[in-house]
Each structure stands twice: as structure tokens, then as C-alpha cells.
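As the structure is a computational prediction, the values presented were derived from the model and not from experiment. The sequence lines fix the lettering, A, B, ..., with proteins before strands; numbering per chain opens at 1.
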Amino acid sequence: MNLLDLYNRLLETFGYQNWWPVDYDYHKIHKTDPKDEIIIGAILTQNTAWKNVEKALDNLKSKHALSLNVIKTMDINLLQSLIRPAGFFKRKSLILKEISNNMHDNIKRDELLNIKGIGKETADSILLYAYDKPYFVIDAYTKRILERVFNIKFKEYDEYAFFIKSQVQEDINLYKEYHALIVKLAKEHCLKKPLCEGCILKDSCEHMFTK
DNA sequence: CTCCAGGAAACAG
DNA sequence: CTGTTTCATGGA
């Protein structure tokens, strides 16, 4: 089994994940930019369960503040109270302020990485899901699954991205879907403490043979 | 109670 | 340059 086989198998099993989740109706009604929801969500979900991010996003919506333009001028204390459920709220409020002042539609990766609080994964999530740029998102799940399923381990973020991109065709929709499917598998079976029982990869996962 | 979640920066050695 | 700690909430 190679990386493309894994992708096809995950897709067959779980179907399209329809990432990134965006409330387009909200943005149509409030005349705000749907990309902002992806950018804000990408920051809020740093080391945080998505369930908690959803609460923060709902709070922002209730104040018509799911928008970088609104966040830019919003009182910092109010912002913190709205995003509190997503954790790290003091830090994240500063990151949101920073990005709301520096974001623009043809932003480059290096420029994103220069914003304090935006690391490689967050930058690539924004570039891929908000701007349809061909960056493969590498997160803790991706590393975990590569190591368990293929017994492959690197030191650097860029090594993971380079390797994966060398194994599949450059296709924006594949990049988007593959990452979403990896998250799905990681949440269903490939948890930190693996639930191999019932996992679709039971027959071909290196982890099953090496333990 | 402990552990973990769609990380990143600061800090220590 | 590599490993560890800090940041915080909420659910299992």
C-alpha cells in the first residue's frame, strides 16, 4: 500500500469530508468574507478540540464578528470573552488582531510565517483551504498515521510535506480531501491510544505487525 | 483525578 | 541546535 492507495481507501470508506467547514449563509447575510472563517478557525484550533472552536465561532457569529474587519476594531477584552471556549484565549486574541491587520488576498507563505502565532501548519491550512494554494497540511495526525501505517518518521515539517507531495499528484482538491480524511481516521481509530479494533487498515498497517 | 485536542513561541541546556 | 515548558478550555 502506498500513499495514493491509502487516500483512495480512506475516500471509499469515509466519503468526501467537505472541508473546510464554512457557514456560507452567514457570510452572505452579513456580507462578510467566507475566507475569514477559515483563517479564524485555523488560529482557534491550534492544539484545541474542534468542538471548542465551534463554540467560539458561534460566539463570534452572535456578535456579527466572524470577520477580520470586525475583529480589527473590536475591543480586545470582548474578543477574548467570545473566543474563550477555544482556550489560549489571551494569546489567540493577539494573533487574531495581528492577522486582521496584516492579512491580504495575495499574501505569501513567508509573510504569513512572519506573523507571530502563525506557524507552518496554520499558514498551510490558510493557504490551502482559504486560497486554494498547493500546500499540504502536516499536523500531529499526519505524522502519527505516517509513522504507524508506513513506519515513516522525519524530523522536520518540510520533510513530511516534501515526501507526501512526491507521492501524490499536485491536486488542490486531493490535498484538501486527504488531510480531512487523515483527521477523520485519526479521530475514529488512530487516536494517541490506537483503537485498532474495527480499523479499515487492520490488514495493512505496519503498527499491527510491529507491536 | 488525569489525559487529550485539527500548534507555536519562549525558554533551558 | 534539540528538548521542554507555557499557554487554557472543555470533554472523555
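Relative ring orientation between A:Trp20 and A:Trp50 is described as perpendicular, the plane-to-plane angle rising above 60° on a 0-90° scale split at 30° and 60°. Using bins of under 30°, 30° to 60° and over 60° for the plane-to-plane angle, the ring pair A:Phe154/A:Tyr160 lands in the perpendicular bin. Ring geometry for A:His64 against A:His30 counts as tilted: the plane angle lies between 30° and 60°, on a 0 to 90° scale. In this pair, A:His179 and A:Trp19 present their aromatic rings perpendicular. The plane angle is above 60°, beyond the 30 to 60° band.
Taking every heavy atom of residues 113-123 of chain A and every atom of DNA chain B, pairs under 4.0 Å involve A:Ile115, A:Lys116, A:Gly117, A:Ile118, A:Gly119, A:Lys120, A:Glu121, A:Thr122, by number. Within residues 33-47 of chain A, the residues approached by DNA chain B to less than 4.0 Å at the level of any non-hydrogen atom are A:Thr45, A:Gln46, A:Asn47, in residue-number order.
Atom CD1 of A:Ile95 and atom P of B:dA8 are 9 Å apart (whole Å). Remark: P of B:dG7 and CD1 of A:Ile126 are 13 Å apart, rounded to the nearest angstrom. Going from atom CG of A:Leu112 over to atom C1' of B:dG7 covers 15 Å, rounded to whole Å. Whole-Å rounding puts the A:Leu191 CG to C:dG11 C1' distance at 14 Å. In this structure, A:Glu54 atom CD and C:dG11 atom C1' are separated by 13 Å, rounded to whole Å. In this entry the distance linking CD1 of A:Ile99 with C1' of B:dA8 reads 13 Å, nearest Å. Between the CG atom of A:Leu79 and the P atom of C:dA8 there is a distance of 13 Å, rounded to whole Å. To the nearest angstrom, C1' of B:dA9 lies 14 Å from NZ of A:Lys92.
Atom-to-atom distance recorded for A:Lys61:NZ and A:Leu66:CG is 6.5 Å, nearest 0.5 angstrom.
Nucleic acid contact class of A:Phe89 (heavy atoms, under 4.0 Å, all strands): sugar-phosphate only. A:Lys51 comes within 4.0 angstrom of no nucleic acid atom, judged by non-hydrogen atoms across all strands.
Place A:Glu156 and A:Asn52 on DNA chain C by their nearest nucleotides, and A:Glu156 ends up nearer the 5' end. Sequence order on DNA chain B of the closest nucleotides to A:Arg91 and A:Arg144 puts A:Arg144 first from the 5' end.
Looking only at atom types and distance, the side chain of A:Ser62 has no donor-acceptor partner in the side chain of A:Asn59 under 3.5 Å away.
Residue A:Lys193 places no side-chain N or O under 4.0 Å from the OP1 or OP2 atom of B:dC4. Between C:dG11 and A:Lys55, a contact under 4.0 Å exists linking OP1 or OP2 to a side-chain N or O.
Within the 3.5 Å criterion, the main-chain N or O of A:Ile200 finds a donor-acceptor partner in the side chain of A:Arg9. A:Lys97 places a side-chain N or O within 3.5 Å of a backbone atom of A:Lys72 that can act as its donor or acceptor partner. With A:Ser93 contributing its side chain and A:Ile76 its backbone, the two residues share no donor-acceptor pair below 3.5 Å. With hydrogens and angles ignored, the 3.5 Å screen pairs no side-chain donor or acceptor of A:Gln17 with any backbone N or O of A:Glu177.
Contact annotation: the side chain of A:Asp33 never approaches that of A:Leu68 to less than 4.5 Å [non-hydrogen atoms, C-beta and beyond].
Taking the ring axis of A:Tyr129 as reference, the NZ or CZ atom of A:Lys35 does not stay both within 45° of it and closer than 6.0 Å to the ring centre.
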I'd like a list of close polar pairs between nucleotides 11-13 of chain B and the protein, N/O only, cut-off under 3.5 Å.
none

